[in-house]
Amino acid sequence: MKTAIILHGMPSKEGYFDPEREAQSNSHWLPWVQRQLILKNVLAQAIELPTPYEPVYEDWKRTFEQFHIDEDTILIGHSCGGGFLIRWLSENNTKVGRVVLVAPWLDPDGEVDNDFFDFQIDPELVGKTDGIHIFISEDDDADSLDSLKIIEKKIKNVSVTRFKDRGHFTYGDMGTEEFLELIDVIFE
């Protein structure tokens with residue numbers, strides 16, 4: 001059976017604990033994508049990662065690895081969740097299905113004060129997957145655009161779709177929870 005794991009990004013601590021906001025795994029386009037995958041007979045889980053406002057790689061890894069991950073697993077990561085997937089795939093020899101990274105973030109400015117992004121990117125990363133596709137928008141923050149430059153320089157054969165007006169692919173930037181292009185890429 002095909003499965004999918006959807007990872008959120010890194011919110012502010014204030015946003016994370018705001019009782020008026022959804023949990024990170026239920027925000028932006030994540031629930032809509034999860035539902036669309038389920039309707040296509042893909043068991044999809046948008047998981048809540050521990051202390052995402054101060055991410056610790058080993059904690060995220062432990063939570064992530066509670067799920068069965070193999071060549072039938074689609075991986076989707078937004079922002080810091082995308083950066084996590086690049087590290088996890090670089091450090092593990094697990095073959096996975098399609099990987100979709102939405103505004104992947106690798107902390108080029110050293111914002112995270114721990115070893116979360118202290119790793120070497122595997123230049124042959126795509127070979128461990130059924131393809132890596134990145135969504136990026138020209139009006140995103142400079143550090144996200146710099147992260148894409150790092151990825152394109154270090155990883156061979158990634159596919160990139162560029163937008164002009166999606167910002168960081170949050171609901172506030174997109175104005176919608178729907179993300180049709182992501183679903184299309186998974187099933188192309």
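Here the two rings, on W88 and Y57, have centers that are 6.0 Å apart or farther.
Note on ring orientation: taking the six-membered ring where Trp is involved, the planes of H168 and H78 are tilted (angle from 30° to 60°). Between F169 and F179, the two ring planes are parallel [angle under 30°; tilted spans 30° to 60°].
Within a 6.0 Å radius of CD in Q120, no more than 12 heavy atoms belonging to other residues, nucleotides or ligands are found. Around CG of D70, the count of heavy atoms belonging to other residues, nucleotides or ligands within 6.0 Å exceeds 12.
Through direct or indirect side-chain contacts shorter than 4.5 Å among Ile, Leu, Val, Met, Phe, Trp and Tyr, Y53 is connected to Y16, F17. The hydrophobic cluster of V56 has no other members, since no ILVMFWY side-chain heavy atom comes under 4.5 Å of it.
A side chain to side chain contact (heavy atoms under 4.5 Å, CB included) with I74 is found for one member of D130, T3, I186 and no other, namely I186.
Under the 3.5 Å distance criterion, the side-chain polar atoms of E22 are left unmatched by any main-chain donor or acceptor of S27. Between the side chain of D165 and the backbone N or O of D139 there is no donor-acceptor pair closer than 3.5 Å. In this structure, the side chain of T129 engages the main chain of G131 through a donor-acceptor pair within 3.5 Å. Between the K2 side chain and the L37 main chain, no donor and acceptor come within less than 3.5 Å of each other. Side chain of D107 to backbone of V112: a donor-acceptor contact under 3.5 angstrom is found. A donor-acceptor pair under 3.5 Å is formed between the side chain of D18 and the backbone N or O of E20.
Between E181 and R166, at least one side-chain nitrogen of the basic residue sits less than 4.0 Å from a carboxylate oxygen of the acidic one, meeting the salt-bridge criterion.
Using a 4.5 Å cut-off on side-chain heavy atoms (C-beta onward), I86 and F119 make contact.
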Starting from the C-alpha separation in whole Å, work towards a yes-or-no answer on side-chain hydrogen bond (donor to acceptor under 3.5 Å, both in side chains) for T73 and H68.
CA-CA 8 Å; T73 307; H68 180 74; 5.9 Å; no
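Looking at T170 and D173, their side chains do bring a donor and an acceptor atom within 3.5 Å of each other.
Shown here are the salt bridge (Lys or Arg N to Asp or Glu O under 4.0 Å) partners of E91, two or more places apart in sequence or in another chain: R87.
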